[in-house]
Amino acid sequence: MTSPNLTLLTDLYQLTMSYGYWKQGMQDREAVFHLFFRRHPFGGGYTLAAGLEAAVRLLADFQITASDCAYLRTLTGRNGQPLFEPDFLAYLQTLRMTCEVDAVPEGTVVFPHEPLLRIRGPVILGQLLETPLLNLLNFNTLIATKAARIVQAAGGDAVLEFGLRRAQGPDGGMSASRAAYLAGCAATSNVLAGKQYGIPVRGTHAHSWVMSFEEESAAFDAYAEAMPHNTVLLVDTYDTLEGVRQAIRTGYKLRVQGHTLSGIRLDSGDLATLSIEARALLDAAGFEETAIVASNDLDEYEIETLRQRGARINVWGVGTRLVTAYDQPALGGVYKLAAMRAPGQPWSPAIKLSENPVKVSNPGIQQVRRYQDGTRWVADVIYSEETGAPGTDFVTFEGEVVPLDGYTWTDMLVPIFREGQQVYELPTLETIRARAAAQLAGLPAGCLRLHAPDTYPSGLSRTLTAHKHALISARRPGALQ
């Protein structure tokens, strides 16, 4: 938030590897990297991609400055000598963004092992960009997915993002507000996010407002006087149901003045029971239009439980458990080399092996094709652009062969940069929000379940599967037996 140039927002080992490439004369070799994740967060059946706009701005502004190199010149090894020689630092200052970048648009539903972003260009650039790209896409995608789950659990009720005070610093707070809105939250309490991103802002008052008056009634009346068009009263400072009754009295005074009691907020106690009793009091007093807002450590599971218990809540204020992704604070996205070549030479595929099969990477220059039957999603296929279209069937990550004859399809990775120049017009946040809503509406219902969701069919084309197995056998004979 404080620097337009985030090029050094990277790990030291990206620079030491880049130095190694330069020392070996490999800096101009062309490489392909993919950014992807291996498992859906929160035990869910889908993930909502976000963070591309921030990544595009990072790439467009890429430059290692003289000031950056002056700092790097101070770094030393264990022998106390400079870590990097002057000629390498001078070379870094000549680097410019020359890569081709393809990515899935923000607001796209994605699945494990599918590239969210593909970068092709000099290996040294691809290496230097690994950490900042992961930083931007991992967190934003995680929060967008969490927000989508919470909005889904609310079943059409408004969800307000109230998490700034508990967010992981200013950057985390701003990113979370944006990601939550694009995923379907109705508004944020974060005023700076409202200004910067055009997100609607909402808020009530705190317990300190009530506590600063001798009587709760005086606090409510004073707030209504100050905010007659936005009177939402926090009723649980002392006795919740008595607070509701006092809010009703304030509501009568607002009516005389031609205004209305917008809502009451519950922030503690048994929210289901209290909301039912509060609704009865409000309705009996003729305040059927007054909303009941609830907060207090809510997430998708708590909202689901409250709704199953018949809670009469209209608006859900969700903070800590949304903006910190409380139950899974990291997406676990990774960034892997998939192919490399010397200038003028054919591509050499790269693969990372592991004793854990889920960590074996996919080789080649990958694209993702989504097959549909009208509006019904059928499957996603990862294929290699070097070997052409995926064919008529594919192999899921569970090993099942699925036929794909007769379906329409769309390739999911779209051009973002060509020869280092941005060719992608960044959509508005409202456009991204609409895309996310449409994507979630197209997802098979079973994949949306919070508990034991269905697994969406996704995997490798038959050709890419055979190519991967051949590479595994070449690198580790007998590994597939």
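The model shown is predicted, which means the values in this text are computed figures rather than measured ones.
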With a 4.5 Å cut-off on side-chain heavy atoms, are [Y] and [X] touching?
X	Y	answer
V414	V104	no
F394	L464	no
R475	I351	yes
L92	L72	yes
L15	L75	no
C99	P122	yes
L266	L271	yes
F36	P112	no

Cation-pi check for F42 against R149: NZ or CZ below 6.0 Å from the six-membered ring centre and within 45 degrees of the axis, yes or no?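 Not satisfied by the 6.0 Å and 45° rule.
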
Establish, for the pair R370 and W377, whether the NZ or CZ atom is under 6.0 angstrom from the six-membered ring centre and no further than 45 degrees off its axis.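 Output yes; distance and angle both within limits.
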
Under a 3.5 Å threshold, yes or no: a donor from one side chain and an acceptor from the other, between [X] and [Y]?
X	Y	result
D11	T131	yes
E161	Y181	no
E430	T428	no

Neighbour count >12 (heavy atoms, 6.0 Å) for atom [atom1], [X]:
X	atom1	answer
K359	NZ	no
Q308	CD	yes
M227	CE	no
R449	CZ	yes
R166	CZ	no
Y21	OH	yes
R462	CZ	no

Can you tell me how far the [atom1] atom of [X] sits from the [atom2] atom of [Y], to the nearest 0.5 Å?
X	Y	atom1	atom2	answer
T290	N314	OG1	CG	9.5 Å
S175	L142	OG	CG	11.5 Å
S177	F162	OG	CZ	11.5 Å
Q366	S361	CD	OG	8.0 Å
L460	T396	CG	OG1	9.5 Å
T188	L160	OG1	CG	9.0 Å

Measure across [X] and [Y] and return the closest heavy-atom pair with its distance rounded to 0.1 Å.
X	Y	result
L450	A153	CD1-CB, 4.2 Å
T410	Q372	OG1-OE1, 4.5 Å
I313	A294	CD1-CB, 3.5 Å
A31	L337	CB-CD1, 3.7 Å
L136	N140	O-ND2, 2.6 Å
R369	D411	NE-OD1, 2.8 Å

Counting N and O atoms only, with roles assigned by atom type, does the side chain of [X] sit under 3.5 Å from a partner on the main chain of [Y], one being a donor and the other an acceptor?
X	Y	result
T141	N138	no
Q127	Q14	no
R96	G420	no
Q152	L448	yes
Q328	A330	yes

Worked verdict on Y19 versus Q27 for side-chain hydrogen bond (donor to acceptor under 3.5 Å, both in side chains): CA-CA 9 Å; Y19 182 51; Q27 68 272 17; over 6 Å; no

Side-chain ion pair, [X] and [Y], N-O less than 4.0 Å:
X	Y	result
R418	D102	yes
E100	R118	no
E300	R321	no
E106	R178	yes
R265	D236	no

I'd like to check the ring-ring contact (aromatic ring centres under 6.0 Å, His included) partners of H34; sequence neighbours left out, ordered by chain and number.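 Counting only residues at least two positions away or on another chain, H34 forms no ring-ring contact (aromatic ring centres under 6.0 Å, His included).
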
Decide side-chain hydrogen bond (donor to acceptor under 3.5 Å, both in side chains) for Q63 and T65; before the verdict, give the C-alpha distance in whole Å, the side-chain angles of both, and the deciding distance to 0.1 Å. CA-CA 6 Å; Q63 182 180 6; T65 65; over 6 Å; no

Between R312 and S275, does the side-chain hydrogen bond (donor to acceptor under 3.5 Å, both in side chains) criterion hold? Intermediate values first, please. CA-CA 5 Å; R312 300 297 304 278; S275 68; over 6 Å; no

Pairwise ring pair (Phe, Tyr, Trp, His ring centres under 6.0 Å) hits with a residue in residues 98-125, at least two apart: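 Applying ring pair (Phe, Tyr, Trp, His ring centres under 6.0 Å) to every pair that reaches into residues 98-125, excluding sequence neighbours, yields H40-F111, F111-Y456, H113-F397.
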
Given E304 and H451, is the side chain to side chain contact (heavy atoms under 4.5 Å, CB included) satisfied, shown in steps? CA-CA 11 Å; E304 180 185 56; H451 308 279; 2.8 Å; yes

Do the rings of F88 and F84 sit parallel, tilted or perpendicular, given the 30° and 60° boundaries?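 F88 and F84: tilted rings.
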
For the pair R309 and D270, evaluate salt bridge (charged side-chain N to carboxylate O under 4.0 Å, His left out) and give the outcome as yes or no after the intermediate values. CA-CA 11 Å; R309 292 179 58 199; D270 184 339; 3.1 Å; yes

Start with the C-alpha gap between E30 and R120, add the side-chain angles, then the distance that decides, and say whether side chain to side chain contact (heavy atoms under 4.5 Å, CB included) holds. CA-CA 7 Å; E30 192 175 9; R120 172 177 168 175; 2.8 Å; yes

Take N190 and V201 through the test side chain to side chain contact (heavy atoms under 4.5 Å, CB included) and record every step on the way to the result. CA-CA 7 Å; N190 184 344; V201 292; over 6 Å; no

Evaluate the criterion side chain to side chain contact (heavy atoms under 4.5 Å, CB included) for residue pair L429 and R433; output intermediate values, then yes/no. CA-CA 6 Å; L429 185 54; R433 177 179 165 88; 5.6 Å; no

